[in-house]
Engineer: 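The structure under discussion is supplied below as structure tokens; questions concerning it will follow.
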Amino acid sequence: MVLLFVLGCVLADKAPSDGDSGGDDTGAVGARTLEVRVVDPDGAPLLVDMVSWFDPTRVPVPLRPALTSMVCADEERPPCAVWVPDQLLPARVQVVTEHFGDETWIDAAGATCFPWDGPWTVVPVPPGAPAQVVHLVLNPEQAWCDDGITAAPVPALMPPTVHPADVRLPIAPPPAALTVTALDPAGLPLPLAAANWYYPPEGSAYDGEHPLTCADALCTSWVLPEGEGPAEGRFYVSGTWTGPLHPMEDVTWTDYQGSPTEPGTTVVLQFDTTVGLVE
């Protein structure tokens, strides 16, 4: 079962603070520096009606009103298989698409099912980045059945799309005084929308959250660069996971985890990817 909580004011106009994007929130790049190709599991192009992006540092969950639409690369009207942004991008985006089928059926447990898939991926786009190409792998056989996803062999909740033909910007993290790694319940790397460090809230040194720096192409690992943050003593790290689109309107996947730590360590945060939030 999906656990539902109330999420208030998610889509309020939230201007990013100096640290909202994990140390990479200062740049924007040309509109055509990212190309998104939608393909089926065999690699064949798929026509879709929508590919969108959102900035997880401004709105941490991909509710549909927060999405910014991309446009067909060939300047035709949707549906199309290749998409590009038509405006400047922030320094990191989460890219999503979605497929709904028309048929419905009742499974063995009595749940109503329909074809649905929502592939997604994370793309860091720092200032001056060269052109990148990413693929969203959409499975038309994927199905949603009331409160769970069925249709083996795909997992219950899709991991971020990574494709052998992707052309991604290599990420070279700085020397780290601390590393934070995010895992899903199965122990697999998990992208985070944001990660931060902060002094104990009950102490006099507490001055809010400070960003960690994304250390890989999908932002599954984050670092505190050497020379930043506390040189000694106890402090905390935290992360926010944001998943793909949810087939139910105004519901999204997200979880928040934190842990006490000290400089010179590696912290592993494990997230619950089954938790759903209702606006």
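Computed from a predicted model, the values in this text were never measured in an experiment. All values below come from the heavy atoms of this structure, side chains included, with hydrogens, waters and symmetry mates left out.
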Engineer: Could you state the interatomic distance from CH2 (W83) to CG (L34), rounded to the nearest 0.5 Å?
Structural biologist: 13.5 Å
Engineer: Test your reading of the model: is there a side-chain donor-acceptor pair from E35 to the backbone of A131, 3.5 Å cut-off?
Structural biologist: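 Answer holds: no.
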Engineer: Going from CD on E228 to CG on L178, what distance comes out if it is rounded to the nearest 0.5 angstrom?
Structural biologist: 11.5 Å
Engineer: So which atom in L67 and which in S52 form the shortest heavy-atom distance, rounded to 0.1 Å?
Structural biologist: CB-CB, 3.8 Å
Engineer: Under a 4.5 Å cut-off applied to non-hydrogen side-chain atoms, are N196 and L212 in contact?
Structural biologist: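 Sidechains of L212 and N196: no contact.
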Engineer: Quick one: OG1 on T179 to CH2 on W222, what's the gap to the nearest 0.5 Å?
Structural biologist: 13.0 Å
Engineer: Going through the distances and angles, do R234 and E262 end up as a side chain to side chain contact (heavy atoms under 4.5 Å, CB included)?
Structural biologist: CA-CA 5 Å; R234 185 182 179 90; E262 58 187 19; 5.7 Å; no
Engineer: Are the side chains of P79 and C72 in contact, using a 4.5 Å heavy-atom criterion?
Structural biologist: no
Engineer: Taking the side chain as every heavy atom from C-beta outward, state whether P115 and W105 have any atom pair closer than 4.5 Å.
Structural biologist: yes
Engineer: For the backbone of P174 and the side chain of E226, can you confirm whether one donor and one acceptor N or O come within less than 3.5 Å of each other?
Structural biologist: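 Checked: no pair found.
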Engineer: Can you give me the closest heavy-atom contact between C214 and I171, atom names plus distance?
Structural biologist: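 For C214 and I171, the tightest heavy-atom pair comes out as O-CG2, 4.0 Å.
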Engineer: Under the side chain to side chain contact (heavy atoms under 4.5 Å, CB included) rule, what do V36 and V82 come out as? Steps first, then yes or no, please.
Structural biologist: CA-CA 6 Å; V36 180; V82 182; over 6 Å; no
Engineer: What residues form a salt bridge (charged side-chain N to carboxylate O under 4.0 Å, His left out) with E98, not counting sequence neighbours?
Structural biologist: R64
Engineer: Has T121 got a side-chain atom pairing as donor or acceptor with T161's backbone, closer than 3.5 angstrom?
Structural biologist: yes
Engineer: Do Q270 side-chain atoms and D184 backbone N/O form a donor-acceptor pair below 3.5 Å?
Structural biologist: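 Yes; judged by distance alone, with no hydrogens or angles, the pair exists.
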Engineer: Are P173 and T213 close enough that some pair of their side-chain heavy atoms sits under 4.5 Å apart?
Structural biologist: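 In short, these two side chains do not touch, never coming nearer than 4.5 Å.
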Engineer: Please find the pair of heavy atoms, one from Y199 and one from A205, that lie closest to each other, and give the distance.
Structural biologist: CD1-O, 3.2 Å
Engineer: Look at the side-chain heavy atoms of Ile, Leu, Val, Met, Phe, Trp and Tyr, link any pair under 4.5 Å apart, and say whether V162 and V122 land in one connected group.
Structural biologist: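 Yes.
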Engineer: So, for F271 and A182, which heavy atoms are closest and what is the spacing to 0.1 Å?
Structural biologist: CE1-CB, 3.8 Å
Engineer: So how far is it from L138 CG to D40 CG, rounded to the nearest 0.5 Å?
Structural biologist: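 If I round to the nearest 0.5 Å, the distance is 8.5 Å.
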Engineer: Is there a side-chain contact between P185 and T273, using heavy atoms and a 4.5 Å cut-off?
Structural biologist: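 They are in side-chain contact.
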Engineer: To the nearest 0.5 Å, tell me how far F54 CZ sits from R92 CZ.
Structural biologist: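 If I round to the nearest 0.5 Å, the distance is 9.5 Å.
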Engineer: In the single-linkage hydrophobic clustering (I, L, V, M, F, W, Y; side-chain heavy atoms under 4.5 Å), do L245 and V137 co-cluster?
Structural biologist: no
Engineer: Got a second to check how far T220's OG1 is from L192's CG, nearest 0.5 Å?
Structural biologist: 8.0 Å
Engineer: Would you call the rings of W197 and H210 parallel, tilted or perpendicular, taking 30° and 60° as the class edges?
Structural biologist: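 Because their plane-to-plane angle is under 30°, the rings of W197 and H210 count as parallel.
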Engineer: Of all the heavy-atom pairs spanning W53 and P85, show the shortest one and how long it is.
Structural biologist: NE1-CB, 4.5 Å
Engineer: What class does the angle between the rings of F100 and W116 fall in, given that below 30° is parallel, 30 to 60° is tilted and above 60° is perpendicular?
Structural biologist: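 Tilted, since the angle between the ring planes falls between 30° and 60°.
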Engineer: How close do P244 and G118 get, counting heavy atoms only, and between which atoms?
Structural biologist: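 Heavy-atom minimum between the residues: CB-O, 3.3 Å.
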Engineer: Given 3.5 Å as the limit, does a donor-acceptor pair link the side chain of D216 with the main chain of S221, or not?
Structural biologist: yes
Engineer: Evaluate the side-chain proximity of P140 to L46: yes if any heavy-atom separation is below 4.5 Å, no if none is.
Structural biologist: yes
Engineer: Please check if L47 and V95 belong to a single hydrophobic cluster, counting links between Ile, Leu, Val, Met, Phe, Trp and Tyr side chain heavy atoms closer than 4.5 Å.
Structural biologist: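 No, L47 does not connect to V95 through the hydrophobic network.
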Engineer: Got T254 and T240 here, is their nearest side-chain heavy-atom distance under 4.5 Å?
Structural biologist: yes
Engineer: If the condition is salt bridge (charged side-chain N to carboxylate O under 4.0 Å, His left out), which residues does D166 pass it with, not counting sequence neighbours?
Structural biologist: R168
Engineer: When you group the ILVMFWY residues by side-chain heavy-atom contacts below 4.5 Å and let the links chain together, are Y256 and Y206 in the same group?
Structural biologist: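 Yes, Y206 and Y256 fall within the same hydrophobic cluster.
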Engineer: Same cluster or not: are V223 and V267 linked, directly or through other Ile, Leu, Val, Met, Phe, Trp or Tyr residues, by side-chain heavy atoms under 4.5 angstrom apart?
Structural biologist: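 V223 and V267: separate clusters.
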